[in-house]
Amino acid sequence: MGRVETILDVLDEMFPSAQCELVHNNGFELLVAVMLSAQTTDESVNKLTKSLFKKYRTPSDFANADLAVLEQDLRTIGLFRNKAKNLKTMAMMLLEEYNGEVPSSQVELEKLPGVGRKTANVVLSVWFDVPRIAVDTHVERVSKRLKLAYLNDSVLKVEEKLMRKIPMNRWSDTHHKMIFFGRYHCTAKRPNCDQCKLKELCRYPHI
DNA sequence: ATCCCGAGGG
DNA sequence: CCCTCTGGAT
């Protein structure tokens with residue numbers, strides 16, 4: 001059995017139902033939650049959005065918000081000043097250019113402030129069901145440890161290699177399984193190598 | 001390459 | 001104390 005097949009089998013067995021853990025009720029809430037999740041655990045994001053989405057329900061609510069107030073409402077997560085500014089401007093752009101709707105193309109999404117390739121890929125994949133692999137810190141670390149990419153590959157290079165090696169109809173679920181694997185098992189610090197079924201395929205501790 | 005930046009874990 | 005968390009803009 002090939003390396004990729006082995007990895008997919010083990011991931012299927014470990015996390016049969018991995019999915020997006022950011023709580024959201026619509027595409028706009030998902031976009032906001034993903035923007036908030038940069039350098040922040042989704043647990044912290046969910047704790048925040050639980051109250052945030054009661055106060056800010058629509059793009060208009062963010063667009064019309066006083067920036068200083070919005071900053072204070074985001075104070076419990078990292079990078080809150082950047083995120084407040086980006087959310088307000090993003091919401092204004094949705095109203096002006098997209099009739100208040102979240103655009104469904106990569107190019108349009110990446111025009112929004114604070115939205116880069118990773119965030120756009122998550123929205124496309126999770127909300128619009130477009131096959132994408134969003135490479136975040138977990139996916140990058142796991143991919144490099146399991147030799148699906150070289151250590152000096154950029155995140156874009158990692159994404160290209162994953163798309164080439166993994167069947168397209170497996171991109172979405174495998175992405176989430178790699179997230180879970182990285183978050184709960186193959187952690188950045190002190191990974192659980194003892195009972196890891198992928199130990200033989202791994203270059204750790206050399207990254 | 002560097003900055004932004006709070007919460008949680010070890 | 002230090003490191004990490006589903007990054008993006010400059």
Side-chain angles (χ1 to χ4, degrees), chain A residues 11 15 17-24 27 29-52 67-68 70-91 93 106-128 130-146 148-149 152-159 162-163 166 171-194 204-205 207:
Chain A
L11 291 178
F15 307 104
S17 59
Q19 57 183 330
C20 178
E21 294 205 303
L22 292 171
V23 177
H24 61 281
E29 287 190 357
L30 175 64
L31 174 58
V32 172
V34 179
M35 290 176 67
L36 290 174
S37 71
Q39 300 291 284
T40 306
T41 62
D42 54 350
E43 188 180 347
S44 297
V45 174
N46 288 336
K47 194 181 299 182
L48 172 66
T49 55
K50 187 174 182 180
S51 56
L52 189 74
L67 186 55
L70 184 54
E71 282 183 3
Q72 290 309 301
D73 288 335
L74 302 184
R75 200 176 348 108
T76 56
I77 61 172
L79 314 179
F80 66 91
R81 292 186 184 87
N82 285 340
K83 289 172 181 176
K85 180 154 57 84
N86 287 336
L87 283 181
K88 181 174 168 67
T89 308
M90 176 276 288
M93 289 178 63
Q106 178 101 33
V107 173
E108 305 295 323
L109 283 167
E110 289 190 20
K111 286 179 183 172
L112 302 170
V115 178
R117 187 176 187 85
K118 181 262 171 181
T119 298
N121 277 339
V122 173
V123 172
L124 287 170
S125 171
V126 173
W127 187 251
F128 292 107
V130 177
R132 298 295 166 114
I133 300 178
V135 178
D136 54 62
T137 180
H138 294 306
V139 174
E140 179 181 9
R141 181 180 65 253
V142 169
S143 297
K144 291 184 175 181
R145 282 180 179 170
L146 293 178
L148 295 173
N152 61 348
D153 280 345
S154 64
V155 289
L156 189 59
K157 196 72 180 175
V158 173
E159 182 184 327
L162 291 176
M163 290 193 294
I166 299 171
W171 287 0
S172 180
D173 74 294
T174 303
H175 158 72
H176 286 112
K177 286 165 185 170
M178 289 179 77
I179 298 281
F180 274 56
F181 184 72
R183 181 181 298 159
Y184 301 117
H185 181 85
C186 190
T187 48
K189 283 193 299 185
R190 298 178 354 109
N192 183 13
C193 302
D194 290 347
Y204 189 85
I207 182 57

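Numbered from 1 within each chain, the chains take letters A, B, ... in sequence-line order.
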To the nearest angstrom, how far is [X] atom [atom1] from [N] atom [atom2]?
| X | N | atom1 | atom2 | result |
| --- | --- | --- | --- | --- |
| A:L162 | C:dT6 | CG | C1' | 14 Å |
| A:R190 | C:dT4 | CZ | P | 13 Å |
| A:I179 | C:dT4 | CD1 | P | 17 Å |
| A:E43 | C:dT6 | CD | C1' | 14 Å |
| A:I77 | C:dG8 | CD1 | P | 14 Å |
| A:L109 | C:dG7 | CG | C1' | 15 Å |
| A:K189 | C:dC2 | NZ | P | 12 Å |
| A:N121 | C:dG8 | CG | C1' | 14 Å |

Nearest to the side chain of [X], heavy atoms from C-beta on, is which of [options]?
| X | options | result |
| --- | --- | --- |
| A:R81 | B:dC5, C:dG7, C:dC5 | B:dC5 |
| A:Q39 | C:dT6, B:dG6, C:dG7 | C:dG7 |
| A:T76 | C:dG7, C:dC5, B:dA7 | B:dA7 |
| A:V122 | B:dA7, B:dG9, C:dT6 | C:dT6 |
| A:F80 | C:dT6, B:dA7, B:dC5 | B:dC5 |

Reckon [X] has a side-chain N or O less than 4.0 Å from the OP1 or OP2 of [N]?
| X | N | value |
| --- | --- | --- |
| A:R141 | C:dT6 | no |
| A:T41 | B:dG8 | no |
| A:R183 | C:dC5 | no |
| A:T40 | B:dG6 | no |

Item to complete: Find which nucleotide of DNA chain C each of A:E110 and A:H138 is nearest to by heavy atoms, and output the residue with the more 5' nucleotide.
Response: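 Looking at the nearest nucleotide for each, A:H138 comes out on the 5' side.
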Discussion item. Judged by each residue's nearest nucleotide on DNA chain B, which is more toward the 5′ side, A:K47 or A:L79?
Written reply: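 Nearest nucleotide further toward 5': that of A:L79.
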Just call it for [X]: base, sugar-phosphate, or nothing, with non-hydrogen atoms closer than 4.0 Å on any strand.
| X | value |
| --- | --- |
| A:T187 | nothing |
| A:V34 | nothing |
| A:A134 | nothing |

Atom [atom1] in [X], atom [atom2] in [Y]: separation rounded to 0.5 Å?
| X | Y | atom1 | atom2 | result |
| --- | --- | --- | --- | --- |
| A:R132 | A:L162 | CZ | CG | 14.5 Å |
| A:M178 | A:L146 | CE | CG | 7.0 Å |
| A:K177 | A:S172 | NZ | OG | 9.5 Å |
| A:M35 | A:L31 | CE | CG | 6.0 Å |

Mind checking the [atom1] distance from [N] to [M]? Whole angstroms is fine.
| N | M | atom1 | result |
| --- | --- | --- | --- |
| B:dC4 | C:dT4 | C1' | 15 Å |
| C:dT6 | B:dG10 | P | 14 Å |
| B:dC5 | C:dT10 | P | 15 Å |

Fill in: Pair A:T41-A:S44, side-chain donor/acceptor within less than 3.5 Å
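Result is yes, a qualifying pair exists.
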Worksheet item: Judged by modelled atom types alone, do A:T76 and A:K47 share a side-chain donor-acceptor pair under 3.5 Å?
Response: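 Per modelled atom types, A:T76 and A:K47 side chains form no pair under 3.5 Å.
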